Amino acid sequence: MPRWYLLLARCLGCAVIEDTWHYFLHRLLHHKRIYKYIHKVHHEFQAPFGMEAEYAHPLETLILGTGFFIGIVLLCDHVILLWAWVTIRLLETIDVHSGYYIPLNPLNFIPFYAGSRHHDFHHMNFIGNYASTFTWWDRIFGTDSQYHAYNEKRKKLEKKTE
């Protein structure tokens, strides 16, 4: 049985691998020559909900799903790790597609966690916020600039209404 800290470290490793794969391939699926054939199916819903997370074209499921398995192949040496990673990934996927920001959600305490607001903007705007779990790739490549501008505008409007 793996120690709890090794289990946690390997699940984090799986998440980093999957997030990196997801960011670059998801961004590619938004390319104007590809989007309408594959990824548009997933974007039929502008207001995402938990089960919609898995609603996608079969090719998208293969393309983006590959990232999920890379971490398993590289880091999985025990069935408990497999179960833990599947559970964490499903919870995270449903959370970002839930349409709800819950302040006390334990996932929100993970540094750089994208969360539902980040992904809701992606479904609303269709451009930017390509990461699945963490925000660093969007920050590094500036693909979250519209999201940050939107949040600044929203905050100014909230202050005016107070």
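Since the model is a prediction, treat every value here as computed from it, not as a measurement.
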Quick one: do [X] and [Y] end up in the same hydrophobic cluster if we chain Ile, Leu, Val, Met, Phe, Trp and Tyr together by side-chain heavy atoms under 4.5 Å apart?
X     : Y      : answer
Val86 : Trp21  : no
Val96 : Tyr101 : no
Ile88 : Ile17  : no
Val16 : Leu107 : yes
Tyr37 : Leu59  : yes

Electrostatic pair Lys156:Glu152 at N-O distance under 4.0 angstrom: no
May I have the step-by-step check of side-chain contact (heavy atoms from CB on, under 4.5 Å) for Leu29 and Leu25, ending in yes or no? CA-CA 6 Å; Leu29 289 174; Leu25 276 291; 5.6 Å; no
Let's go through Lys159 and Lys155 carefully: what are the C-alpha distance in whole Å and the side-chain angles of both, what is the deciding distance for side-chain contact (heavy atoms from CB on, under 4.5 Å) to 0.1 Å, and is it a yes or a no? CA-CA 6 Å; Lys159 284 183 181 179; Lys155 286 176 187 174; 5.6 Å; no
Qualifying side chain to side chain donor-acceptor pair (under 3.5 Å) pairs with a residue from residues 59-77, counting only residues at least two apart or across chains: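 Those involving residues 59-77 are Arg10-Asp77, His39-Glu60.
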Atom pair [atom1] ([X]) and [atom2] ([Y]), whose distance is rounded to the nearest 0.5 Å:
X      : Y      : atom1 : atom2 : answer
Glu44  : Lys40  : CD    : NZ    : 8.0 Å
Thr143 : Arg27  : OG1   : CZ    : 5.5 Å
Ile102 : Ser116 : CD1   : OG    : 7.5 Å
His22  : Thr93  : NE2   : OG1   : 8.5 Å
Glu18  : Ile72  : CD    : CD1   : 10.5 Å
Leu28  : Tyr23  : CG    : OH    : 11.5 Å

Side-chain heavy atoms under 4.5 Å apart, restricted to Ile/Leu/Val/Met/Phe/Trp/Tyr: what other residues fall into the cluster of [X], or is it alone?
X     : value
Leu6  : Trp4, Tyr5, Leu8
Leu91 : none
Ile80 : Met1, Leu7, Val79, Leu81, Trp83

Is it the case that over 12 heavy atoms from other parts of the model lie below 6.0 angstrom from the [atom1] atom of [X]?
X      : atom1 : answer
Arg154 : CZ    : yes
Tyr100 : OH    : no
Phe112 : CZ    : no

Verdict with reasoning, Gln146 to Ile127, per side-chain contact (heavy atoms from CB on, under 4.5 Å): CA-CA 8 Å; Gln146 290 181 358; Ile127 298 169; 4.1 Å; yes
Verify side-chain contact (heavy atoms from CB on, under 4.5 Å) between Leu64 and His26, making sure each step is shown before the conclusion. CA-CA 7 Å; Leu64 295 181; His26 185 198; 4.3 Å; yes
Of all heavy-atom pairs between [X] and [Y], which one has the smallest distance, and what is that distance?
X     : Y      : value
Phe69 : Gly65  : CD1-O, 3.3 Å
Asp19 : Trp137 : OD2-CD1, 3.6 Å
Glu92 : Ser132 : OE2-O, 2.5 Å

Taking it one step at a time, do His118 and His122 satisfy ring pair (Phe, Tyr, Trp, His ring centres under 6.0 Å)? CA-CA 7 Å; His118 190 264; His122 173 75; 8.5 Å; no
Going by the rule ring pair (Phe, Tyr, Trp, His ring centres under 6.0 Å), which residues pair with Phe121 if we only count those two or more places apart in sequence or in a different chain? Tyr147, Tyr150
Ring pair (Phe, Tyr, Trp, His ring centres under 6.0 Å) with Phe68: which residues, sequence neighbours excluded?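 Phe68: ring pair (Phe, Tyr, Trp, His ring centres under 6.0 Å) contacts with Trp85.
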For Tyr113, which of Thr133, Asn108, Thr135, Asp95 qualifies under side-chain hydrogen bond (donor to acceptor under 3.5 Å, both in side chains)? Asp95
Any side-chain heavy-atom pair of Phe24 and Tyr130 under 4.5 Å: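 In short, these two side chains do not touch, never coming nearer than 4.5 Å.
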Verdict with supporting geometry, His42 and His97, ring pair (Phe, Tyr, Trp, His ring centres under 6.0 Å): CA-CA 11 Å; His42 181 71; His97 285 88; 5.2 Å; yes
